[in-house]
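Encoded as structure tokens, the structure appears first; notes follow it.
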Amino acid sequence: MEKVRFPPLIEYLKESSDEYNKMYYQQELKSGAINSMMLSKWIVQNVEPLIIAVHKVAPESLPKVFKALYASSLSLLGNNLAITHEEEYKHGWNLCLHIPQLLVLQPQRILNAINTALESLRQHQPEKVLNWLNLMRNLATKCKSVELFLDYGRFAAWTCGMAHLREKAAKIYLDLPGEVLELIQGEVKNVRIADLIELGWRKEKYGSFEGVAGGFYGYGKAFIQPPLVALVENIIVASDGVSSSALFADALGTVLISDIPVSADYIKEQALQSRENQLRKIQKHFPIPFDDVTSVAANKSTLVVSRSSSHYLFLYSIPHE
Amino acid sequence: MDFLNKTLGFFQKVPSAPTNPHEAAAPERFNIKDLYSGEENSSEEEKSTGLDEKLRQAYFWISNTAIISPFYDIEYDDGDPKQFSFGDSKVQLSLPKGQSYSSCVLVPLLNLIVRGKCLIVGGPGRGKTATCILMGLLAGYSKTDVMRAIQHGQPQMTIADLLGHPLPSDMVKAEKTSDIRIAWRKWLGMNVKIIDEYNRIPTRTQSALLTVLSDNYAEIFDQIFECPPSAWYLTANDDAGGGTYQVIEALKDRIDIVIRAFHFNTRFIDDLLKRIELNYKPEAMIPEEIIFSEEELNQINREIRAVKISDELRKRIEFFCRQFEFFESASDRLEYMTKDTVKLSGIDFKTLFRQETGKDHVKDLGSQTCNGISVRKITTLLIFSKALAYFRGNKAVELEDIRQILPFVLHDTFTPHLESPFFDQPGNEKYRVDKVVWLRKIFDISCQEYLSMDLDRNDPMDIFDEQFRQGLENVSLREVDKRLQDIEKQLYKWSQEKKLYGYRADDILKLKYYYQRYCNYKRWLQWKR
């Protein structure tokens, strides 16, 4: 079994062993036994370096930070996330090595934010998780407060395809320092962030087919039946008659958030009501090359079409007048 | 003189050969100490794993040298035992080949390490108090301390006799009760507490004893004395409460385990004679090697808790325990269909029992008792099963451990419903008299029923338990709907069964619980979005 070697940490653990054993038992009650070798390895490889970094800036905060790290470790190992996606969480937690002065202030909040971001990215943009981590590694050193760390995290997540964060990213963009913007622009190739913030799609491609979202449930996608789309409170929503989802899309990626609290019947009703109107309006700008369109919905930047022969939603960027 | 010394030395001898050799296994559960402890800890671990051997040595010293108790009623068998029948009643005697034990030595020893409350019942001169004294000595106290600490129940015993008294000078000077200092009795601070003939203590003093026994503190004049965790030993001449005073129900309920002191086997008068001639007193000759320090007892307690109970065994215990509380005639709501409801109503149990028609009362184990099993008893059963497995040098409990310890744990818990048709069956009359044999029998019947229902492989609850155990994190709305539907389907299936038994009632209520948890989660999920 791997052992921690940092003397102040050993000293602290000796004093508080009962408390930490109780925390472990509590987690064991919740999620079953955690492999003790895995837990020790995790603490030695991922927690101890952070504690050393924290000790350099604020030795008195060691107990507070260790408690947060230990609680998060138990939770991640208890639900096996830190085993299945070990590398991701390892890199994610390593971000804190660049911000020990912030970790000292709100350790639990920062760890929760990193863990949630990884979970969310994995769900919607699994191939972009490492991109986000790389970008955040560069951005972390620029963070002067916990709020900035969270904001940069959101902005970076948007650039990695989390389209539902575009609205928040737009607000963050207004206060983004030049050097940070430069760093992010360096990662987002061939497109100006300013354009995307404003319009969502690349200027030169307005009015063109941008891709698909959804797909058949049997292949691990979203819909059991060909879905219908509608615009509800300026958000594009879709339903297959069983569950409902919200669709967010821009040039950086597409996100379909499932199980939203809008009833499938309501979406169907809205979709069928607006179908003819929408079709007429859209066909003014460009013809849709399908003859089995079942519904159409559009917001300021995106047009979405559903078909009776497909479980996918078809996305188009809307030309700006 | 030399001969005498040599002979007495023999009594103090503890054999060096292991009593029940096993391979030592590394501890599995994570401990924060593992993160920083080095080599010095591993030697400690080695030392700690040897404590079960020390415990067995203590048992064998008591049973072979100290107490003449040639009764091996806790039987373990390695294979096919030789069996013989005797007399008209064809009483069976089996000769088990595995290591078997005497309950009146083993159970008090297990009680010492789990820090439980053990009641020893039996007629006068059966060695009840002697056993308690030996336990005190094993815990490291001197004979004088143990003798001084024994509380002898007698009809004139007051609360002050039991707990202590206020200092007379403070009684005169004090302006408020909190200024009065109390001279607490020394036994309250000891790790082994002995109450001799507890059924001779007056009712009011029994209530004071109850507070110490159950909540581990004593109170006089607003002053509190917090007692350390301790093993309790109580003795009674008559377990039916036939002493000078009736034992209050709450006090009885706090007793974890009950054993009966055996009679003396007259074929051992020879040994008795030897002891008289040598003036041998076992309590004066206890070998140092088998005396436990407080730290060792703490360590054993920790190690016992680490002994595993497999899912298969846990499910057998669950199946057994859930037979008894359910009582269909008590209400028209499943939640209230319990024997507790009947008890609270004051209506005669037997009258209501007769209204339960159509069920096979011989098959229904619940018909044999007037009450169910409390959480305290289930906890006790689990911890004593672990202790027995630990004592035998095992890292996991075996079915036989549960089977052997169960009658002693539930001895005073169940009030048998003697009018149950089960007791009228040919050959079952004896179960009305002997509780230990009866309790073991109903556990056996429960296990047979469990096997005949093939619940190890085909328990419908397994899938629901497994799904729920994985947690609700990241479970989609669609998945929740599916699980809710599955629960409804299962409940519908069970609703088609003609008779409702105790084991099924608990299954149904658990599914209702899952249903509610999923509904709450679903509501939260929708709100979150």
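Labels below follow one simple rule: chain letters A, B, ... track the order of the sequence lines, proteins then strands, and each chain is numbered from 1. Every heavy atom of this structure was used, including side-chain atoms; hydrogens, water molecules and symmetry mates were not.
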Check: Using non-hydrogen atoms only, which part of E48(A) is less than 4.5 Å away from chain B: side chain, backbone, both, or neither?
Finding: neither
Next item on the list: For chain B, find which of V262(A), V242(A), V44(A), I43(A) contributes the most heavy-atom pairs closer than 4.5 angstrom.
Entry: I43(A)
Note to self: Would you compute the distance between atom CG of D18(A) and atom NZ of K33(B) and round it to the nearest 0.5 angstrom?
What the structure shows: 7.0 Å
Check: Is atom NZ of K64(A) surrounded by more than 12 heavy atoms (other residues, nucleotides or ligands) closer than 6.0 Å?
Finding: yes
Item checked: K67(A), NZ atom: more than 12 neighbouring heavy atoms under 6.0 Å -> no
Check: Do any of residues 218-241 of chain A come closer than 4.5 Å to chain B, heavy atom to heavy atom, and if so which ones, in number order?
Finding: A222(A), I224(A), D240(A)
Next item on the list: Count the heavy atoms belonging to other residues, nucleotides or ligands that lie under 6.0 Å from CD1 of I463(B), then report whether that count exceeds 12.
Entry: no
Notebook entry, point to check: In terms of heavy-atom proximity below 4.5 Å to chain B, should Y217(A) be classed as side chain, backbone, both, or neither?
Noted result: side chain
Margin query: Take a 6.0 Å sphere around CD of E127(A) and say whether it holds more than 12 heavy atoms from other residues, nucleotides or ligands.
Written below: yes
Notebook entry, point to check: Do you know the tightest heavy-atom contact between I32(B) and N21(A)?
Noted result: N-OD1, 2.8 Å
Margin query: Once rounded to the nearest 0.5 Å, what's the spacing between atom CG of D34(B) and atom OG of S36(A)?
Written below: 6.5 Å
Next item on the list: To the nearest 0.5 angstrom, please state how far the OH atom of Y36(B) sits from the CD atom of E11(A).
Entry: 9.5 Å
Note to self: Working to the nearest 0.5 angstrom, can you tell me the gap between R469(B) CZ and S31(A) OG?
What the structure shows: 11.5 Å
Checklist line | Heavy-atom neighbours of E488(B) CD exceed 12 at 6.0 Å | finding: yes
Check: In this structure, are over 12 heavy atoms from other groups packed under 6.0 Å from K315(B) atom NZ?
Finding: yes
Item checked: Residues in salt bridge (charged side-chain N to carboxylate O under 4.0 Å, His left out) contact with E88(A), at least two apart in sequence or another chain -> R122(A)
Notebook entry, point to check: How about Q26(A): does its CD atom have over 12 heavy atoms from other parts shown lying under 6.0 Å from it?
Noted result: no
Checklist line | Heavy-atom pair of closest approach, residues L35(B) and S40(A) | finding: CD2-CA, 3.9 Å
Item checked: Within 6.0 angstrom of R376(B) CZ, more than 12 heavy atoms from elsewhere -> yes
Note to self: With a 3.5 Å distance limit and no angle check, can you tell me whether D259(A) reaches the backbone of S476(B) through a side-chain donor-acceptor pair?
What the structure shows: no
Next item on the list: Cation-pi check, R305(B) to Y25(A): give yes when NZ or CZ is under 6.0 Å from the six-membered ring centre and within 45° of the ring axis, no otherwise.
Entry: no
